[in-house]
Amino acid sequence: MKQSPPPRAIPSPEKVAFRRRMAMLAWRALALVFLGLGLIGIALPVMPTVPFLIASAWAASRGWPAFEAWLLGHRIFGPPIVQWRQHGAIPRRIKWLSCSMMACSAVGMQFFSDIPLGLRIAVPAVMLGVGIWLWRRPNV
């Protein structure tokens with residue numbers, strides 16, 4: 001005869017409130033981390049900005065609605081996030097810029113003999129896959 005597992009204890013309302021508060025703080029922290037990475041991407045041409053802003057808005061939607069609303073309403077950050085959410089669209093200029101940067105990185109890494117051959121082949125292959133995916137997305 002199969003034994004059923006012991007019944008689960010119902011957590012106290014204080015524990016439930018604590019867990020919800022911790023989850024909300026974790027979502028907020030993640031939203032800020034993604035925003036920080038996106039802001040770094042503004043200054044560093046090899047790091048993307050918009051994907052991190054989209055991820056920041058996603059995390060904010062889980063635990064910080066006011067911050068999500070601020071991101072969506074921002075005059076610079078908002079339009080790419082809204083375009084992505086509504087249509088999965090990426091501006092053609094961003095596609096060209098991204099693919100150009102990936103191509104430069106792929107070519108440039110071939111000149112570093114310290115990089116193992118497997119990486120010098122695999123990384124450009126992944127970049128090619130990302131480029132194909134980018135161009136299959138709708139234009140804005």
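These values consider heavy atoms only, across backbone and side chains, with no hydrogens, waters or symmetry-generated copies.
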*How is the hydrophobic cluster of Val107 composed, in terms of its other members, when Ile, Leu, Val, Met, Phe, Trp and Tyr link through side-chain heavy atoms under 4.5 Å apart, directly or indirectly?*
Phe111
*Can you tell if the side chain of Ile94 reaches within under 4.5 Å of the side chain of Pro91, non-hydrogen atoms only?*
yes
*Sequence neighbours left out, what pairs pass side chain to side chain donor-acceptor pair (under 3.5 Å) with at least one residue falling in residues 7-24?*
Ser12-Glu14
*Treat each ILVMFWY residue as a node, draw an edge where side-chain heavy atoms are under 4.5 Å apart, and state whether Trp96 and Leu128 are in one component.*
no
*Are Leu71 and Ile76 connected in the hydrophobic side-chain network, where two residues link if heavy atoms are under 4.5 Å apart?*
yes
*Which residues satisfy the side chain to side chain donor-acceptor pair (under 3.5 Å) test with Ser113, sequence neighbours excluded?*
none
*Common cluster, Val123/Val130, ILVMFWY with side-chain heavy-atom separation under 4.5 Å*: yes
_For Ala106, give me all partners under side-chain contact (heavy atoms from CB on, under 4.5 Å), at least two apart in sequence or on another chain._
Pro124, Met127
_Side-chain (Ser56) to main-chain (Phe34) donor-acceptor, under 3.5 angstrom_ = no
*Can you name the nearest heavy-atom pair linking Arg120 to Gln110, along with the distance?*
O-NE2, 2.9 Å
*Each residue besides Val140 in its hydrophobic cluster should be listed here, by chain and number; the cluster joins Ile, Leu, Val, Met, Phe, Trp and Tyr at side-chain heavy-atom distances under 4.5 Å.*
none
_Listed partners of Ile121 passing side-chain contact (heavy atoms from CB on, under 4.5 Å), at least two apart_ = Leu117
*Please report the closest heavy-atom contact between Cys99 and Gly131, naming both atoms and the distance.*
SG-CA, 3.9 Å
_Rounded distance [0.5 Å steps], CG in Leu37 versus CG in Leu32_ = 11.0 Å
*Give every residue pair that meets the side chain to side chain donor-acceptor pair (under 3.5 Å) criterion with at least one member in residues 131-140, sequence neighbours excluded.*
Lys95-Asn139
*If a pair satisfies ring pair (Phe, Tyr, Trp, His ring centres under 6.0 Å) and one of its residues is in residues 8-33, list it, with sequence neighbours excluded.*
Trp27-Trp58
*Got a sec, which residues hit ring pair (Phe, Tyr, Trp, His ring centres under 6.0 Å) with Phe67, two or more places apart in sequence or on another chain?*
Trp64, Trp70
*Point-to-point distance, once rounded to the nearest 0.5 Å, from CD1 of Ile90 to CD1 of Ile54*: 7.0 Å
*Determine, stepwise, if the pair Leu97 / Arg92 fulfils side-chain contact (heavy atoms from CB on, under 4.5 Å).*
CA-CA 9 Å; Leu97 182 64; Arg92 185 179 302 248; over 6 Å; no
*Pairs touching residues 77-90 that satisfy side chain to side chain donor-acceptor pair (under 3.5 Å), sequence neighbours left out*: Glu68-Arg85
*asked:* Looking at Arg28 and Gly63, would you say the former's side chain and the latter's main chain have a donor-acceptor pair under 3.5 Å?
replied: yes
_Euclidean distance, Thr49 OG1 relative to Ile40 CD1, rounded to 0.5 Å_ = 10.0 Å
*asked:* How close do Pro138 and Gly88 get, counting heavy atoms only, and between which atoms?
replied: CD-O, 3.3 Å
*Which heavy atom in Ile81 sits nearest to a heavy atom in Leu53, and how many Å separate them?*
CD1-O, 3.7 Å
